[in-house]
Every structure is written in structure tokens, then in C-alpha cells.
Amino acid sequence: MPQTPATPTNPLVTGSEIARIAGVTRAAVSNWRRRYDDFPAPAGGGANSPLFDLAEVQAWLDKQSKGQDVTDEVQLWQVLRGAYGDDILGGLADVARALASPDEKTPAELPDQAVRLARRMAGGGSPGDVVNGLAERFTESVRRAGSDQVTSPRVVRAVRHFAGDMAADAVLFDPACGIGTLLLTLGAGQDTRRHGQEVDARSARLAQSRAGLGGLTRTEIAHGDSLRADRWPGLKADLVVCDPPVSDTDWGREDLLLDPRWELGTPSRAEGELAWLQHAYAHTAPGGRVVMVMPASVAYRKAGRRIRAELVRRGILTQVTALPPGTAAAHSLPVHLWHLRRPRTPDDAATAVRMVDLTSNDPDDPLEPRAQQITEVPQIDLLDDLVDLTPSRHVEESHRDYVTEYDTLREELTAQVRRLTELLPALVAGEGTGALDGPSVGVADLVRAGLVEYADPEPVSVSDQLDTDFLQGFLHSAANSRRSTTASGTFRLDSKGARVPQMDIATQRGYGSAFHALREFEERSRRVAELSRQIAALARDGLGNGALKPDA
């Protein structure tokens, strides 16, 4: 596969971008590649992600009458891809800078064609609309690629919903602001003071340009690593929002062991998210709040138990919200929002944690939880050996109907036990010799005679002269089990080498009926054992938490 790099005059496009240009699905483009020999060959990329020459694709679409007019935005995006390649984020930042400061010299990497297209688009709307449109396109492209590089629109919607209204002159802070997705979306408008920090210089430049073009003049975004080099050491915000890096073990723990931000405990290397959480809390003013996007595993991982306990014990954690699967961009796993509040006084601390479980919802459903999706959990109920903050665990338990569940299990157990006694067959004394010590026939012979066929998982009779339950019962008899046990003691059923006694069909059916009853007896016995375990655990929990009491 050629790896020809794109140039400003030779932009390359993906299959998804061809679909966008042509106004069809990605599957349609794949179909075209298979059906039409003259479809342009890949000009770059790899086997799993080929890239195509835009001019060749457009010519082919025109020839096939499948194309649509290419918009200025599509052309601009392709020119930027051609010039910047994988560094498309740098291209967006340069476009934003060119539109924000038209009198300044444009960056050398930015093609003149891109500048002309961007300014023509801005003439039909506004520079801010152009840059925000490109930022949305970038967000969509990384989402399709399965990346967590930017915060997904659904997560933004959820944070905005649960953060609620803010005062007009509030201070908002995002210590991992990326391209400004959260920082520029929240707040009351131009009067909100916004502060951000971002380790990626291109993202920081783009976020600052977006703020300026959007009229959010009271926005300052610093470049740098927030944990290792905090650029806002004295900042105290009314609201801190953050979608931190996930599973980052290189967050600087060895250099920050004595950092005063770890007032709840020093996070382990594997708990980088809890380092970001405490960094955010350190920048929260008295009465201020934190809304933090967290992986679901942080709620129960053993390494973070001590810090979770301190959050609860000090009344800092006020709510944990489990969002629907599919809310995050890169995976279908649920993510949580952790809600923190810095108490103004010791008496102002929270005494319970609200648990909200939206995991049964569609990601595009309304975010207002139903009554059965919420519970208030007292601190004492959370401070056990696990300190598990997973909402579903507490919501399900609080809304559990112990009485109905206990009665249902008790009725089923009673019925199963009654049926057990009925299943035991009536057996009498036999002749005392093994049934296989007399005349018998090998199962392999029965197969060759066409009387038995192999099914899943055991052989079955296909003749009215042989009873299937009789056959399978004797296959599992002690005599055949000994035949199937190897010298090392390993049991492996060898049905072809097994033998069954020769009996008339009426006698077979008597044995078959007994074997069938015993098999069902064993299956029900296992169910009785499981029901017994469930009902004992339920009764013990219900008596302990007051949901059940003895019937005096």
C-alpha cells in the first residue's frame, strides 16, 4: 500500500469523508470500491484505513453522477488534511488564529487556499461559527476513530445539565480543558470568568482563539501540565469541571508525593483520576462545586478506597451520577459524574450522598432521573470495607421490594421441594448383579446398525426398539464410568466404547422412566440449593436493615 503523504494540492480523504461528500453511507462507499473497477485506488494510508486522492474521487463521482457540490467547509477540511496530515488540530488552531487576527502574518504551514476558504466562509456568517464548525467536525472525527481525545457532546450535555445555573460573574475553571469543549459551553455568558489549562499547546491555542471569536473575552487559557506545573496556583473557582485523562499512570506521582493538594490521601500510580479530582477540589472556593467525569471503575477500585472514604467522611462528595452506556465517545461503558462541594463550615458538610443511576436509559433520553433511579445513602452505609460508590448498587438495594421477593422465593422453594419428593422413583430390590454383566451391546454397534445417532451433547435413539432415556441412563452408570476413566484418574465419557444391556422395549422404558426422573431430581436439587442460598441471604439482609421482621 503506498504511503504517499498528502500535499496542499493533493489532499487525501478517508472513506467516511467520501461518504460525506457524496451524501451516502460509509457502507455505500465500500460497495462502490468492490463493484467498480475504475474506483480510484488508495493513494495513502494503510490496509485498514486507506486514503484516496480527493481530485480523483471527485472526478469519479462526477462521472458516475453520484457526487454533490463540495461545500467550502469540506474543501477547507481537505486542504488542512493535506497540509497538516495527522496534525489536523494544529491546522485548526492556525485557521482560528488567522481569523482572530487578520492583520497578522499567517503561519507558514497554513496554505493560502485554506485562508481564502476560511475567510469566505466567515463572510457568510462569522469567524466564530467557522472555527466552531471545524471544532465540531474534529470532535466527530476522533469520536468515530474511538478516541477520548475530546469530550463527547453527550458528556457535555450531561455536565451542563447537572452543573445547573451559575451566577453571571461566577468563576469557572477546567484544568484539562482541551479545545475548550466544556469550558466554553458552560457559564452564564460573557461575564463569566473562565480559566483553563491544557498540556497540548495546539489545543490550548485553539481554545483561546475560540473564546476570543465567541466574545468570551474574560477567558484565559494557559499551556502546561496541570498536575506537574499548575499555572493557576491561587485560583479559587465557583465551579470546576473536568474530563481528565483516563488510566494515565504517568501523572507525576513520584515528583508530587508531598504535594499539599493531596489532602484526602496520596493517589497511587493507578489512580490518576483521583489526583485530578483532588487538584480540581484544591481550586474550589468555599461553597464552590466540582463536576468531574470519571470512569465507572474509580467508584470501586481497591487502590482508591481510602480517598473515597475521606470524600464521604468529610461530607465533600454530594452525588454520584451513572450516565447511560454510550454517553462517552470511545466506548459503550458507563461513565460517572462525581459531584463535590467544598463546605463553608464544618456544619455545612453533606451527611449523605445522592446516588443517581441512569444506566438503564438511552444516552439521548432526558437526563432528569425518575424517582426509582435515585436514593440518598447515609455516610455510615458507605463507609464499609469497600466504600463502593457505584450508584446502581445502592439504588437497586434501596428500591428493593424485600417482602415480595421473599414471598416469591419462598413459594418457589416450597414447590421445588414438594416436586423433589415426587420425582424420586419407587425402586425395589434387584437381583444383585450388574445389569451389564449379562447380555449387552456396544453403543458403536448400535450406531452402525442405524439405531443410534450422535446429538448434542449425548447420543439418542432413532428406533422404536430403543428408549433414549434407557440408553443415556446406562451411559452414565458406574460400569460405563469405570470404562471411561483413564489410568491417571481423568473421567472422559467414551460413549462409543460404552455398552448397554439387552432388554425388551417394555423393560427399557421402565428403566428409562427411572433414569429420567433421577436426572430431573438432580437438576431440581441444584435449583433448590441455589434458592436456599438466595432466600437465606435475602432474609438476613432484610432482617438486618429493617425491611423484614418476624411474623409474630
Side-chain angles (χ1 to χ4, degrees), residues 162 173-176 197 225-230 232-322 335-355 377-391 394:
F162 287 103
F173 179 51
D174 185 345
Q197 185 164 341
D225 185 326
S226 287
L227 297 184
R228 289 185 172 93
D230 186 4
W232 304 102
L235 177 66
K236 300 296 181 183
D238 299 300
L239 176 64
V240 182
V241 294
C242 187
D243 183 4
V246 176
S247 303
D248 180 14
T249 59
D250 185 25
W251 55 267
R253 183 180 190 275
E254 289 73 15
D255 301 326
L256 301 169
L257 288 174
L258 301 180
D259 197 289
R261 288 174 291 182
W262 316 143
E263 60 179 285
L264 305 174
T266 304
S268 68
R269 282 177 57 88
E271 296 291 335
E273 296 89 354
L274 292 177
W276 283 97
L277 184 77
Q278 293 192 75
H279 173 74
Y281 185 67
H283 282 287
T284 307
R289 297 174 296 133
V290 175
V291 179
M292 196 89 169
V293 182
M294 299 289 260
S297 59
V298 183
Y300 59 81
R301 286 195 301 233
K302 183 178 180 180
R305 184 184 65 83
R306 178 189 169 194
I307 295 175
R308 294 196 302 271
E310 286 300 304
L311 282 168
V312 173
R313 186 177 293 112
R314 299 189 190 189
I316 294 170
L317 183 69
T318 60
Q319 179 172 314
V320 180
T321 305
V335 293
H336 293 174
L337 295 183
W338 286 28
H339 308 246
L340 279 58
R341 181 178 177 273
R342 182 178 288 277
R344 297 180 186 276
T345 66
D347 295 336
D348 190 33
T351 58
V353 178
R354 169 171 285 198
M355 295 291 179
V377 185
Q379 290 176 341
I380 189 65
D381 292 343
L382 292 171
L383 295 173
D384 55 15
D385 292 339
L386 298 176
V387 196
D388 190 340
L389 302 179
T390 305
H394 303 283

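What's counted below: heavy atoms across the whole structure, side chains too, no hydrogens, waters or symmetry copies. This structure is a prediction, so every number in the text was calculated from the model and none was measured.
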W262/W251 aromatic ring centres below 6.0 Å: yes

Any D174 side-chain heavy atom under 4.5 Å of V240 side chain: no

Any side-chain donor near an acceptor of the partner, T390 and D388, under 3.5 Å: yes

Beyond-backbone contact of H394 with V320, side-chain heavy atoms, under 4.5 angstrom: no

Any side-chain heavy-atom pair of Q278 and E310 under 4.5 Å: no

Heavy atoms of other groups near L257 CG, more than 12 under 6.0 Å: yes

Any side-chain heavy-atom pair of T284 and R341 under 4.5 Å: no

R306 atom CZ, neighbour heavy-atom count above 12 within 6.0 Å: no

Enclosure of D385 CG (heavy-atom neighbours >12, cutoff 6.0 Å): no

I380 atom CD1, over 12 foreign heavy atoms within 6.0 Å: no

R228/D259 salt bridge by N-O under 4.0 Å criterion: no

Derivation and outcome, side-chain contact (heavy atoms from CB on, under 4.5 Å), residues E273 and R301: CA-CA 12 Å; E273 296 89 354; R301 286 195 301 233; 3.1 Å; yes

Whether over 12 other heavy atoms sit under 6.0 Å from R261 CZ: yes

Any side-chain heavy-atom pair of S226 and W276 under 4.5 Å: yes

Minimal non-hydrogen separation, R305 against L386, with atom names: CG-O, 3.6 Å

Side chain proximity check, L317 to L382, heavy atoms < 4.5 angstrom: no

